[in-house]
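A, B, ... follow the sequence lines: proteins, then strands. Residue 1 opens every chain.
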There are 2 protein chains.
Amino acid sequence: KTAEPPNLTAIAEKVKQGSMRELAKAITFIESNAGDHYLYGQKLLQELLPSTGKAIRIGITGVPGAGKSTFIESFGTMLCDAGHRVAVLAIDPSSSISGGSILGDKTRMEKLAKHSNAFIRPSPSGGTLGGVHRKTRETMLLCEAAGFDVILIETVGVGQSEFIVRSMVDFFMLLALTGAGDELQGMKKGIMELADAIVVNKADGVNKQLAEKTKNEFNQILHFLQPATKGWISKAYTCSALKNEGMDSIWSVIGEFRETVEKSGVLNERRRRQTKEWLHTLIMEQLKNNFYRHPYVKDQISQLEQAAMDGDITPSQATESLFREVYGDK
Amino acid sequence: KTAEPPNLTAIAEKVKQGSMRELAKAITFIESNAGDHYLYGQKLLQELLPSTGKAIRIGITGVPGAGKSTFIESFGTMLCDAGHRVAVLAIDPSSSISGGSILGDKTRMEKLAKHSNAFIRPSPSGGTLGGVHRKTRETMLLCEAAGFDVILIETVGVGQSEFIVRSMVDFFMLLALTGAGDELQGMKKGIMELADAIVVNKADGVNKQLAEKTKNEFNQILHFLQPATKGWISKAYTCSALKNEGMDSIWSVIGEFRETVEKSGVLNERRRRQTKEWLHTLIMEQLKNNFYRHPYVKDQISQLEQAAMDGDITPSQATESLFREVYGDK
């Protein structure tokens, strides 16, 4: 699309120096599905790879209404004021269908968006969920190369998004509301066991006591669950993002977590495992895409699904007939 | 391997009439990885497909020591004595590595094994985990065609085995020991949310009171979790498989479950979804096998994993280089 290929080494250099303009350009390449731009993105990333990995990567999820935006606004602003450089990313699987992102609205974090130490990027949109996954993961690395030392990745909690975010962060936080009973009923299966911390938000005013009670209930449940991170005991906390209360304690908890897992080697181990799993996820994604996009498969799959569900054909036979046609093998 | 192809229609007819000899023969074909025999198995299954689906499919898991064999022996014998025909199958992922199965020992269920209404088949062994999965699933269907009205599928709880069993049964039961606290610490993440019932075994003698306490603790936790089956409230129960106590109540619970999900349509919906998902699982398995068995991939993958983990190359680039070589595409 550009007549002349960009000077990637120069861009990489400027990203490393912290240029927001060049970072945005690099991310645009990474987010592109077009051949040339995609390749520029990959080359840039390759060049910047040695400068990545120094940030703490924090994932944040929670049911709708838990106050994720308010939390990130309050938490992020506190960190930026303290001199940290904070990048806020998002995974929104619905954006892979709608092509638009409900997290694209920077007005949700108005104060943070204006802070010179902050960088907010909405969920990449369009393409497959695997594409959204890849783009967020690689954008995170670009942000690290640009000197951001805190990465916050928000998820809307749709589909597999929490599992995707968990697979790319160091610390995973579940934002909850008061009233654990009802709250938990609405939570996705297995989510609590991914959390390194559960933070009960809106612990202010008349809600404060109830928030304490909810925190205790969560702690009871956490006691029964397997730890999300080896050597770390996940606990529940309270905060009020609206009143900026409890933000510093949460940051302390994260600091303690980081110290623990860095010392034990669990952090390094987790990141290496994440990278390896990510490689295999990419491979599977690509295999899947190539197969399901094949004209014969596209044409036949619904019929075969139906025949299998109706008991007219075994899934093994359906599979074989597809592979015979597509690859000529059994 | 046989000089003359077997008369599959005759075998299918005899299986439908309940011949154990022909059922065993059919399962041997299904379990075979050799071309001819595998094809015979598939043809048989296809012919028998209309006669499948009438059994209640029950999955049973639990930590080592929970008494799964004793439970199945006691529960299965009760059902056989009452005129039911009970098939006991197993999923043991370790058998895909070792080639042998720790569930192969019929002496674990000596009484049941001798019962004329019972059929016990150890976990298929050898091949991939996907292969073990397919063989057990298809064997279940053959057993249904042979007139078994209760299918019990045991899992040793290694690897992904519970999830595999959950994906092929109607009712999933978690066998537990007294002392929920410690018990839960050893449980796999997310297992409790798969269970339609938790049964605390060994509720006898001095253990009886503790078992009641554990049951209550499980009920408290279950209250907070999402139901495993729509419209069904998973609860905890106690039993003593050793003393044959509580077996009838568990069978009543399963009967109630069946009535509920048949009436609501949830059973039919679940089975159709399971079949559809199974088709796509088979496709992914085959794609994966074909790819990872490719000589170039086999040769390069460890090196690429290492380079990605060391941060020398991005997983996207590693993936591309493999696909370029194997398929000649991007």
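- Between the NZ atom in A:Lys288 and the CE atom in B:Met284 there is a gap of 5.5 Å [rounded to 0.5 Å].
- In this structure, the separation between CD on B:Gln274 and CE on A:Met309 is 12.5 Å, given to the nearest 0.5 Å.
- Taking a 6.0 Å sphere around NZ of B:Lys43, one finds it holds 12 or fewer heavy atoms contributed by other residues, nucleotides or ligands.
- The candidate from B:Thr314, B:Leu45, B:Leu322 with the greatest count of non-hydrogen atom pairs under 4.5 Å with chain A is B:Thr314.
- Between atom CD of residue A:Gln317 and atom CD of residue B:Gln42 there is a gap of 6.0 Å, rounded to the nearest 0.5 Å.
- To the nearest 0.5 angstrom, A:Glu320 atom CD is 7.5 Å from B:Gln286 atom CD.
- Among the residues in residues 136-143 of chain B, those with a non-hydrogen atom closer than 4.5 angstrom to a non-hydrogen atom of chain A are B:Glu138.
- If you take OG on A:Ser316 and CH2 on B:Trp278, they are separated by 6.0 Å, rounding to the nearest 0.5 Å.
- Ranking B:Thr319, B:Leu287, B:Thr275, B:Val297 against chain A, the residue ahead of the rest is B:Leu287, based on heavy-atom pairs under 4.5 Å.
- Interface check for chain A: of the options B:Leu279, B:Ile283, B:Ile313, the most heavy-atom pairs under 4.5 Å are formed by B:Ile283.
- Residue B:Lys276 places its NZ atom among 12 or fewer non-hydrogen atoms of other residues, nucleotides or ligands, all under 6.0 Å distant.
- Sorted by first then second residue, the side chain to side chain donor-acceptor pair (under 3.5 Å) pairs that include residues 298-310 of chain B, not counting sequence neighbours, are A:Arg272-B:Asp310, A:His280-B:Glu305.
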